[in-house]
Amino acid sequence: QVQLVESGGGLVQPGGSLNLSCSASGVSLRYYAVGWFRQTPGKEREGVACIDNSGDFTYYADSVKGRFTISSDVPKNTVSLQMNSLEPDDTGVYYCAADTNPLVWGRKEDIYLIDYWGKGIQVTVSS
């Protein structure tokens, strides 16, 4: 049984930082790209960042480039997302996801192809 469990969310002031973690079981980072989507009320779920199984390819949404950094620990089967300089527009539910194709994160029309999803974790950026 595949499980993706998110942790590290919460409330932070604008300009602050959070570190999200995704712990995977039943699926190996050696074979899957893992990353994050986020969703806010009234908006479509969007890809935020992912890292492929080799660790050589990363994807970032334009809105988070230069502020977010994704990394993986293959032996621990975990992926982390360091989020700096957070803005109110970063508020939303962040979902960890795993798929064999890292390009899916950049294609909203293919989001339904994602193999596995976590349950999501709330991130709120507010003063």
Side-chain angles (χ1 to χ4, degrees):
Q1 182 180 1
V2 175
Q3 281 191 312
L4 302 175
V5 180
E6 303 98 337
S7 62
L11 172 64
V12 64
Q13 292 187 340
S17 299
L18 283 174
N19 188 284
L20 300 184
S21 289
C22 175
S23 179
S25 60
V27 62
S28 174
L29 270 60
R30 299 184 191 279
Y31 307 110
Y32 280 81
V34 177
W36 301 87
F37 288 80
R38 69 184 177 193
Q39 188 163 22
T40 53
K43 292 186 178 181
E44 292 180 313
R45 193 172 296 189
E46 62 171 347
V48 175
C50 83
I51 186 165
D52 78 347
N53 62 315
S54 72
D56 293 333
F57 172 84
T58 56
Y59 164 84
Y60 295 98
D62 288 342
S63 59
V64 307
K65 284 180 181 176
R67 300 188 297 122
F68 290 11
T69 303
I70 192 167
S71 61
S72 63
D73 187 330
V74 174
K76 293 184 178 180
N77 229 30
T78 59
V79 171
S80 298
L81 184 68
Q82 177 65 40
M83 305 187 294
N84 298 327
S85 302
L86 284 162
E87 304 167 354
D89 283 349
D90 294 317
T91 294
V93 178
Y94 283 68
Y95 296 89
C96 181
D99 195 88
T100 54
N101 184 3
L103 299 181
V104 174
W105 269 259
R107 301 200 293 246
K108 288 184 178 181
E109 65 274 18
D110 289 341
I111 192 172
Y112 72 97
L113 295 173
I114 290 287
D115 289 335
Y116 303 108
W117 292 96
K119 292 183 178 180
I121 192 166
Q122 179 69 41
V123 170
T124 303
V125 184
S126 176
S127 55

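We count residues from 1, following the sequence as given.
- Judged purely by atom type and a 3.5 angstrom limit, Asp90 uses its side chain to pair as donor or acceptor with the backbone of Glu87.
- Not a single donor-acceptor pair under 3.5 Å links the side chain of Asn53 to the backbone N or O of Tyr32.
- Each of Val125, Val64, Thr91 was compared with Leu86 under the side-chain contact (heavy atoms from CB on, under 4.5 Å) criterion, and only Val125 meets it.
- Cluster membership check: Val48 shares its hydrophobic cluster with Leu20, using side-chain heavy-atom separations under 4.5 Å among Ile, Leu, Val, Met, Phe, Trp and Tyr.
- The two atoms that bring Ser72 and Leu29 nearest to each other are CB-CD2, 3.9 Å, heavy atoms only.
- If you take CD1 on Ile121 and NZ on Lys119, they are separated by 12.5 Å, rounding to the nearest 0.5 Å.
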ask   = Under the salt bridge (charged side-chain N to carboxylate O under 4.0 Å, His left out) criterion, do Glu46 and Arg38 qualify, and how do the steps go?
value = CA-CA 6 Å; Glu46 62 171 347; Arg38 69 184 177 193; 2.8 Å; yes
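- The distance from the CD atom of Gln3 to the OG atom of Ser23 is 9.0 Å, given to the nearest 0.5 Å.
- Hydrophobic clustering, with ILVMFWY side chains joined whenever heavy atoms are under 4.5 angstrom apart, groups Phe37 together with Phe57.
- From Ser54, atom OG reaches atom CZ of Arg30 across 12.5 Å, with rounding to the nearest 0.5 Å.
- Nearest heavy atoms, Leu113 versus Asp99: O-OD1, 3.0 Å.
- Tyr31 and Val27 fall within a single hydrophobic cluster, where Ile, Leu, Val, Met, Phe, Trp and Tyr side chains are chained together by heavy-atom contacts under 4.5 Å.
- Asn77 places a side-chain N or O within 3.5 Å of a backbone atom of Ala24 that can act as its donor or acceptor partner.
- The two atoms that bring Pro14 and Ser126 nearest to each other are CD-C, 3.6 Å, heavy atoms only.
- The local environment of CD in Glu109 is crowded, with over 12 non-hydrogen atoms from other residues, nucleotides or ligands closer than 6.0 Å.
- Without hydrogens or angle criteria, Asp73 side chain to Thr78 main chain gives no donor-acceptor distance under 3.5 Å.
- Side-chain N/O atoms of Asn84 and Ser17 include a donor and acceptor closer than 3.5 Å.
- Closest approach of Asp52 to Asp56, counting heavy atoms only: OD1-N, 3.2 Å.
- With Asn19 contributing its side chain and Gly8 its backbone, the two residues share no donor-acceptor pair below 3.5 Å.
- By the 30° and 60° cut-offs, the orientation of the rings of Tyr95 relative to Trp117 is perpendicular.
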message = Quick one, Ile114 with Val104, criterion side chain to side chain contact (heavy atoms under 4.5 Å, CB included). Give me CA distance, side-chain angles, the key distance, then yes/no.
response = CA-CA 7 Å; Ile114 290 287; Val104 174; 3.6 Å; yes
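- Follow the hydrophobic side-chain contacts under 4.5 Å out from Leu18 and you reach Ile51 in the same cluster.
- Taking OH of Tyr60 as the reference point, atom CD1 of Ile70 lies at 6.0 Å (rounded to 0.5 Å).
- Put simply, Trp105 and Ile111 are part of the same group of oily side chains (I, L, V, M, F, W, Y) that touch within less than 4.5 Å, one to the next.
- Side-chain contact between Val12 and Thr124 is absent, with no heavy-atom pair separated by less than 4.5 Å.
- Proximity of a side-chain donor or acceptor of Arg45 to a complementary backbone N or O of Gln39 within less than 3.5 Å is not detected.
- Rounding to the nearest 0.5 Å gives a distance of 5.0 Å between CH2 of Trp36 and SG of Cys96.
- Atom CD of Gln122 sits about 9.5 Å away from atom OH of Tyr94, to the nearest 0.5 Å.
- Judged purely by atom type and a 3.5 angstrom limit, Gln13 has no side-chain atom pairing as donor or acceptor with the backbone of Ser127.
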